[in-house]
J.: 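The following block contains the structure, expressed as structure tokens.
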2 protein chains.
Amino acid sequence: MKDLVSRCPIEEVMQVLSGRWPSLLIYYLSEGTKRFSDLQRDNPTISHKMLTMELRKLEDAGIVQRTEFDGYPRRVEYDLTPAGLRLVPLIDALGDWWERASSDVPGDQDVANDHIKMI
Amino acid sequence: MKDLVSRCPIEEVMQVLSGRWPSLLIYYLSEGTKRFSDLQRDNPTISHKMLTMELRKLEDAGIVQRTEFDGYPRRVEYDLTPAGLRLVPLIDALGDWWERASSDVPGDQDVANDHIKMI
DNA sequence: CCCTGGTTACAAAAAGGTGCGTAATTTACG
DNA sequence: CGTAAATTACGCACCTTTTTGTAACCAGGG
């Protein structure tokens, strides 16, 4: 999904939120300040490279604040920006919508009902 | 983004909403019933393969209703389901959030401000 | 050599595009 | 009248592009 096709804000948000990681990272960051290695522990299946790339993307989008500290083992902290914090409930609302949609569709034959609300 | 990593509803919604097309298709379908060829006209850059695949995905997710009519040239209609309709305002809220986030970040050097609200 | 956070180069995998085939019926043409 | 073409919504096979993973390397203090 390289570039936009419609110059509309919705397509733009989806461009940054699309993919497996953005929402997960935002969720874990909503718990509070995290370091690179914390986020690696939080989602063990993300590759090193993906984590840096996704964090940069979120930083560029103004969702995540990156703070670098000088020091012995170099230390970098990540937080949600105020805009990022405002985004959290919107993402939660999508999760709630999905839970409801999965449960009240009658002929929903798939495993949609054993989903666990963990974000 | 093949399979899930966290069994949480948010990751699941993002799996179906991720990408360039889902939000656009939902937007166009929120205008009312559309046929395959209508949707092709609405977004001329989507390939027919992508369009069928994305519509199937949205159908499987319970967002889109597909109705096939017998006839001379076969006719198929697509609508939003009730769940799909409930989703629309949530997506709009993301667009609004993005517009605000783009405008009130001071050091935002990119073109975020000339975005046009069209969804 | 270790640590943390990161970059780079290369390879694998996934996403996406192109074009052809198909159904059933109408219309167009010689 | 017989035949060919057009229409609509795809499925399939093949190929290119984009994304993601792997692994190796870098910095600089301990």
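Below, chains carry the letters A, B, ... as their sequence lines are ordered, and counting in each starts from 1.
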J.: Rounded to the nearest Å, what distance is computed from the CG atom of residue L25(B) to the C1' atom of nucleotide dA9(D)?
T.: 15 Å
J.: Quick one: what's the B/S/- string for nucleotides 16-24 of chain C, heavy-atom cutoff under 4.0 Å, read 5' to 3'?
T.: BBBBB---B
J.: Can you tell me the distance, in whole Å, between the CD atom of E77(A) and the P atom of dT4(C)?
T.: 15 Å
J.: CZ of F69(B) versus P of dT25(C): gap in Å, rounded?
T.: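 Atom CZ in F69(B) sits about 17 Å away from atom P in dT25(C).
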J.: Write down the distance between CZ (R75(B)) and P (dA6(D)), rounded to a whole number of angstrom.
T.: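 In whole Å, dA6(D) P and R75(B) CZ are 23 Å from each other.
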J.: Only one of V64(B), L85(B), L17(B) passes side-chain contact (heavy atoms from CB on, under 4.5 Å) with I26(B); say which it is.
T.: L17(B)
J.: Given atom CD of E59(A) and atom P of dG5(C), what is their separation to the nearest angstrom?
T.: 14 Å
J.: Got a minute to check which stems DNA chain C is part of, using Watson-Crick or G-U wobble pairs under 3.5 Å, three or more consecutive?
T.: C:1-3 with D:28-30, C:5-22 with D:9-26, C:24-30 with D:1-7
J.: Given atom CG of L55(A) and atom C1' of dT20(D), what is their separation to the nearest angstrom?
T.: 16 Å
J.: Check for a donor-acceptor pair, side chain of T33(A) on one end and backbone N or O of D79(A) on the other, with a separation under 3.5 Å.
T.: no
J.: May I have the distance from L51(A) (atom CG) to dA23(D) (atom P), rounded to whole angstrom?
T.: 18 Å
J.: Which value, rounded to the nearest 0.5 Å, describes the distance between L55(A) atom CG and I46(A) atom CD1?
T.: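 Output value for this atom pair is 7.0 Å.
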J.: What distance separates K34(B) NZ from L80(B) CG, expressed to the nearest 0.5 Å?
T.: 11.0 Å
J.: Could you state the CG-P distance from L39(A) to dT4(C), rounded to the nearest angstrom?
T.: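 That distance rounds to 14 Å.
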J.: Can you tell me how far the CE atom of M14(A) sits from the CE atom of M14(B), to the nearest 0.5 Å?
T.: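 Going from CE on M14(A) over to CE on M14(B), the span is 3.5 Å.
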J.: Quickly, which of L25(B), T67(B), L29(B) forms a side-chain contact (heavy atoms from CB on, under 4.5 Å) with Y78(B)? Name it, please.
T.: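 By the side-chain contact (heavy atoms from CB on, under 4.5 Å) criterion, Y78(B) pairs with just one of L25(B), T67(B), L29(B): L29(B).
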J.: Does a salt bridge link D38(B) with R41(B), judged by any charged N lying under 4.0 Å from a carboxylate O?
T.: yes
J.: Working to the nearest 0.5 angstrom, can you tell me the gap between Y27(A) OH and D92(A) CG?
T.: 9.5 Å
J.: Would you indicate which nucleotide in dG11(D), dG5(C), dA9(D) comes nearest to any side-chain atom of Y78(B)?
T.: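 Looking only at heavy atoms from C-beta outward on Y78(B), the closest nucleotide is dA9(D).
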J.: Without hydrogens or angle criteria, can the side chains of W21(B) and E54(B) be said to hold a donor-acceptor pair below 3.5 Å?
T.: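 Note: W21(B) and E54(B) side chains miss the donor-acceptor criterion.
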